[in-house]
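Before any comments, here is the structure.
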Amino acid sequence: MVKVGGWSLPNSRRDEPPYFSKTQLVDVLEQVAVLLELSGANGFKVRAYQNASRALSSMEEDLFSIISEGRLLQVKGIGKGIGGLITESVLHGTWGDMQSLYDKVPTGLIEIVGIPGLGPKKVKALYDSLGIESIEQLKTACELDHISSLPGFGKKSQKKIFDGIDLLRRYQGRTRMDVGLLFGRSLEEKISLIEGVEKAQLAGSARRRRETIGDLDIVVSSLAINHQTVIQEILGLPGIAEVKGYGDSKISLILEQEMLSSSIGTGALDERLAETLMDRNSDATIDAQVRIVTPETFPFTLAYFTGSKEHNIRMRQEAINRGLRLNEFGLFPESLAGSSIGMEAAKHTLLCSDESEIYKNLDMHWVPPEMREDMGEIEAASTSKSLLPELIIPEDIKGAFHNHTIYSDGSNTLEEMAQAAQSLGWQYLGIADHSETLNIGGRSIGISSNLVPNQRSEIIKLNQIWSDEGVDFRLFHGSECDILADGKLDYSDDIRNIFSHVVGSIHALGSWRNRDEIENTEMLIRAIEDPTFTILGHPTGRILQVREGIPIDMHAIIRRMGELNMEGNLKAIEINASPYRLDLDWRLCKFAKEQKVPICINPDAHDVNGLNDVWYGVQIARKGWLERSDILNTKTGAEIESLFNVR
DNA sequence: GCCGTTTTCGGCCCGACTGTTTTCAGTCG
């Protein structure tokens with residue numbers, strides 16, 4: 001989904017190259033693709049811009065270096081045309097004649113393509129014939145019955161557009177992973193219990209563990225003779241706000257809160273979340289697509305609706321390379337399928353009892369769902385000895401380093417937090433309360449310098465008790481220390497040296513937002529280089545669906561941390577496991593691993609229940625290709641003690 | 001616009017669904 005805000009070419013805040021950052025280029029290329037589409041450009045050209053944007057965003061090296069060294073055109077997906085535009089903008093700060101494209105397309109059109117059923121072609125037709133360039137105008141045109149007589153439109157289209165405008169207004173966009181999974185598992189469970197259902201499995205972005213989920217996809221396996229009764233049963237389930245449509249093999253639904261209230265057998269974690277949602281009297285809903293297939297077809301359909309679009313494209317290409325064709329019903333020789341399509345073509349499918357056999361027929365190892373994003377997994381799975389990592393699991397976690405108590409803005413005591421950690425089977429808990437300068441809304445939140453020793457002695461006392469009792473558990477006395485606008489850390493050097501570990505975090509985002517990426521990166525690196533600095537907390541400050549992170553070159557920061565680690569320091573980076581943050585972004589995890597920067601999965605808990613959030617962090621780590629050995633909090637308490645500043 | 005055991009043009013992933021048409025274009029995932 002394209003954001004409408006900031007729909008213009010960026011101006012540079014710098015007076016020397018690089019005038020623009022990679023992130024800015026990624027955004028511009030994506031916008032250009034949309035504008036081209038709306039102005040009726042060739043679809044393949046549009047895709048070229050999308051591909052180039054994607055290529056840039058997954059590029060790990062510094063863009064300016066690549067351009068300076070003349071290596072830009074070696075990047076797959078960037079050719080002469082787009083490469084020239086990128087080079088011009090970065091080196092000279094200008095955008096060629098791109099401004100004319102921006103001028104040509106009214107920004108209102110971008111909003112209009114968000115209406116379900118209206119794509120770029122139809123939006124352009126409305127603009128060309130009726131001059132419609134805003135949602136308001138479109139609504140009026142519907143009311144005046146001006147749409148239905150247009151070629152290619154009709155009465156039904158007009159009504160659909162009119163209803164769609166309302167839908168767009170209510171449309172919440174994507175749903176956070178925790179909430180989406182809650183709905184998804186609940187529906188999955190209810191369908192599984194229906195008679196005649198062999199299996200119901202969540203697919204789509206929920207199964208891939210994206211940090212936000214668009215709509216839910218559920219694939220249901222059932223013998224053909226049972227399909228009709230199963231469909232009727234599903235339509236009658238509680239918690240369905242609306243049935244958008246259904247046929248012989250597919251149901252499209254909108255789920256509402258009641259779906260959660262009657263859920264059974266979910267863990268304590270999910271029950272609490274369900275309660276919270278109900279308490280807030282939230283009107284959150286989520287769309288769900290249910291596909292009913294036969295047991296033989298199930299693995300193909302599951303794989304098809306699990307892979308990201310990009311992963312699936314690559315998979316189909318792998319099939320083509322072997323004289324095969326892959327669709328949601330099977331994998332079959334092109335020669336036998338001929339001109340038939342869909343289920344008919346799949347009559348000749350190779351039999352696969354599960355997903356792994358589909359991959360095997362394409363000479364690949366099975367790829368965990370989280371990794372199906374075309375981020376290198378196809379290549380890694382295609383080698384004779386798999387290069388896919390053995391992904392971390394939640395049970396590997398032995399503690400966490402960033403948690404709050406009543407000393408700052410937490411709501412439980414040291415003892416209560418420790419007890420909760422012990423009941424999770426952890427060997428340690430890192431306390432990292434806020435530092436002195438932090439105040440939110442004029443209220444001071446952090447621990448003042450003179451109170452730090454109090455917390456220290458309380459922790460020493462508790463640790464002594466466990467040690468005496470022979471309990472393998474300890475608290476680490478750390479700090480979530482503010483990184484100030486000039487890159488200095490809060491507290492004096494003396495105070496910071498008291499702590500076993502320092503989680504450096506940015507909280508006062510204002511000045512960081514008003515600076516460019518290059519300056520922010522410089523300041524943050526300055527903070528990281530401080531000898532007392534241990535862990536970078538919620539690295540970009542993003543809050544999912546609320547605010548973007550600060551402009552920052554994460555690749556450069558991770559590279560620098562890697563260098564410092566090579567010099568014998570311990571500089572780690574956090575995956576903040578709060579489902580509303582999930583920052584570090586999963587796309588950067590693999591890079592951090594390659595640069596030898598350890599990752600911590602930190603729940604950032606503010607109460608005893610918050611510790612459970614670690615589970616979401618593990619999902620992100622899996623998505624980011626991380627193994628047990630990449631994660632700092634899979635180490636034992638004794639190992640961490642020897643790594644930290646513990647005296 | 002990008003790409004290439006088919007090096008400079010002709011491809012570029014697959015299919016369902018919808019509504020408009022009367023064979024298909026556009027949208028969606």
Side-chain angles (χ1 to χ4, degrees), chain A residues 1 29 32-33 36-38 40-55 72-86 96 98 101 112-126 147-161 164 203-205 208 213-217 219 244-252 287-291 293 297 300-301 303-321 324-332 334 337 339-346 374 378:
Chain A
M1 173 70 69
L29 291 176
V32 168
L36 283 172
E37 218 173 359
L38 284 170
N42 175 306
F44 294 110
K45 182 171 169 178
V46 171
R47 239 182 44 203
Y49 277 89
Q50 287 167 341
N51 288 341
S53 173
R54 216 176 114 75
L72 184 60
L73 296 194
Q74 289 167 20
V75 179
K76 193 169 149 58
I78 296 176
K80 261 186 176 165
I82 297 178
L85 178 69
I86 295 172
M98 275 301 144
L101 179 66
I112 297 178
V113 281
I115 296 170
L118 280 186
K121 293 247 167 59
K122 289 200 163 174
V123 171
K124 186 173 185 303
L126 289 170
I147 308 269
S148 63
S149 54
L150 295 176
F153 293 81
K155 284 275 179 204
K156 277 192 172 178
S157 309
Q158 183 170 277
K159 175 151 192 339
K160 205 177 160 200
I161 291 169
S205 53
R208 292 202 313 281
I213 292 164
D215 54 9
L216 298 168
D217 291 283
V219 183
K244 286 166 75 179
Y246 70 96
D248 292 340
S249 61
K250 182 177 159 179
I251 306 176
S252 185
D287 285 13
Q289 320 287 330
V290 184
R291 267 106 185 163
V293 296
T297 306
F300 298 103
T301 313
Y304 184 87
F305 287 104
T306 297
S308 68
K309 185 179 155 198
E310 290 78 11
H311 177 87
N312 286 347
I313 288 173
R314 293 290 307 274
M315 289 288 283
R316 286 192 284 264
Q317 194 59 54
E318 290 298 319
I320 291 169
N321 295 346
L324 301 169
R325 205 200 307 169
L326 177 64
N327 65 16
E328 63 260 56
F329 305 111
L331 174 66
F332 41 87
E334 183 64 50
S339 61
S340 58
I341 59 166
M343 200 123 52
E344 181 64 22
D374 189 24
I378 302 279

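Reckoned from all heavy atoms, side chains included, excluding hydrogens, waters and symmetry mates. Everything numeric in this text was worked out from a predicted model, so none of it was measured. Chain letters run A, B, ... following the sequence lines, proteins first, then strands; residues in each count from 1.
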Reckon A/Lys159 touches a base, only the sugar-phosphate, or nothing at all at heavy-atom distances under 4.0 Å?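 It contacts nothing in the nucleic acid.
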
Within the supplied structure, the quantity of interest is the number of heavy atoms (other residues, nucleotides, ligands) at a distance under 6.0 Å from A/Asp248 CG; does it exceed 12?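 Counting neighbours around CG of A/Asp248, 12 or fewer heavy atoms of other residues, nucleotides or ligands fall under 6.0 Å, so no.
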
Rounding to the closest angstrom, what is the interatomic distance between [N] and [M] at atom [atom1]?
{"N": "B/dT8", "M": "B/dC3", "atom1": "C1'", "result": "11 Å"}
{"N": "B/dT6", "M": "B/dC2", "atom1": "P", "result": "22 Å"}
{"N": "B/dG15", "M": "B/dC9", "atom1": "P", "result": "31 Å"}
{"N": "B/dT7", "M": "B/dC13", "atom1": "C1'", "result": "24 Å"}
{"N": "B/dG26", "M": "B/dT22", "atom1": "P", "result": "14 Å"}
{"N": "B/dT27", "M": "B/dT20", "atom1": "C1'", "result": "13 Å"}
{"N": "B/dC17", "M": "B/dT23", "atom1": "C1'", "result": "16 Å"}

Looking only at atom types and distance, does a side-chain atom of A/Thr306 sit under 3.5 Å from a main-chain N or O of A/Ala203, one as donor and one as acceptor?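 Here the side-chain-to-backbone pair does not exist.
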
Among all residues two or more places apart in sequence or in another chain, which pass the side-chain contact (heavy atoms from CB on, under 4.5 Å) test with A/Lys156?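 So A/Lys156 forms no side-chain contact (heavy atoms from CB on, under 4.5 Å) with any residue.
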
From the set [options], return the single nucleotide nearest to any side-chain atom of [X].
{"X": "A/Arg47", "options": "B/dG19, B/dG15, B/dC13", "answer": "B/dC13"}
{"X": "A/Arg325", "options": "B/dA16, B/dG1, B/dC14", "answer": "B/dC14"}
{"X": "A/Tyr49", "options": "B/dC17, B/dG1, B/dC13", "answer": "B/dG1"}
{"X": "A/Asn42", "options": "B/dG15, B/dG1, B/dC14", "answer": "B/dG1"}
{"X": "A/Phe44", "options": "B/dC17, B/dC12, B/dG15", "answer": "B/dC12"}

In 5'-to-3' order, the base (B), backbone-only (S) or no-contact (-) status of each nucleotide in nucleotides 22-29 of chain B, using a 4.0 angstrom heavy-atom cut-off, is ----SSSB

Whole-Å gap separating [atom2] ([N]) and [atom1] ([X]):
{"X": "A/Lys250", "N": "B/dA16", "atom1": "NZ", "atom2": "P", "result": "11 Å"}
{"X": "A/Ile341", "N": "B/dC17", "atom1": "CD1", "atom2": "P", "result": "11 Å"}
{"X": "A/Tyr246", "N": "B/dC17", "atom1": "OH", "atom2": "P", "result": "14 Å"}
{"X": "A/Lys45", "N": "B/dC2", "atom1": "NZ", "atom2": "P", "result": "10 Å"}
{"X": "A/Leu150", "N": "B/dT21", "atom1": "CG", "atom2": "P", "result": "10 Å"}
{"X": "A/Asn312", "N": "B/dC14", "atom1": "CG", "atom2": "P", "result": "12 Å"}
{"X": "A/Phe332", "N": "B/dG15", "atom1": "CZ", "atom2": "C1'", "result": "10 Å"}
{"X": "A/Leu324", "N": "B/dC13", "atom1": "CG", "atom2": "C1'", "result": "15 Å"}

Could you check A/Val75 against A/Gly154 and say which one's nearest nucleotide on DNA chain B is further toward the 5' end?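 Its nearest nucleotide lies further toward 5', so the answer is A/Val75.
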
Hey, does the side chain of A/Ser157 come within less than 4.0 Å of B/dT18's phosphate (OP1/OP2), counting only N and O?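 Answer no for this pair, as no side-chain N or O of A/Ser157 is under 4.0 Å from OP1 or OP2.
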
Could you tell me whether the phosphate oxygens of B/dG15, OP1 or OP2, come under 4.0 Å of any side-chain nitrogen or oxygen in A/Asn327?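 A/Asn327 to B/dG15 OP1/OP2: side-chain N or O found under 4.0 Å.
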
What distance do [X] atom [atom1] and [Y] atom [atom2] have between them, rounded to the nearest 0.5 Å?
{"X": "A/Arg208", "Y": "A/Ile213", "atom1": "CZ", "atom2": "CD1", "value": "9.5 Å"}
{"X": "A/Met343", "Y": "A/Phe300", "atom1": "CE", "atom2": "CZ", "value": "13.0 Å"}
{"X": "A/Glu310", "Y": "A/Asn51", "atom1": "CD", "atom2": "CG", "value": "8.5 Å"}

Check: [Y] and [X] side chains under 4.5 Å, non-hydrogen atoms:
{"X": "A/Gln317", "Y": "A/Ile313", "value": "no"}
{"X": "A/Leu29", "Y": "A/Ile86", "value": "yes"}
{"X": "A/Leu118", "Y": "A/Leu126", "value": "yes"}
{"X": "A/Lys122", "Y": "A/Ile115", "value": "no"}
{"X": "A/Phe153", "Y": "A/Lys160", "value": "no"}

Pairing partner of B/dT8 (Watson-Crick or G-U wobble, both distances under 3.5 Å):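 Because no pair has both required distances under 3.5 Å, B/dT8 counts as unpaired.
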
Please list, pair by pair, any protein nitrogen or oxygen found under 3.5 Å from a nitrogen or oxygen in nucleotides 5-11 of chain B.
none

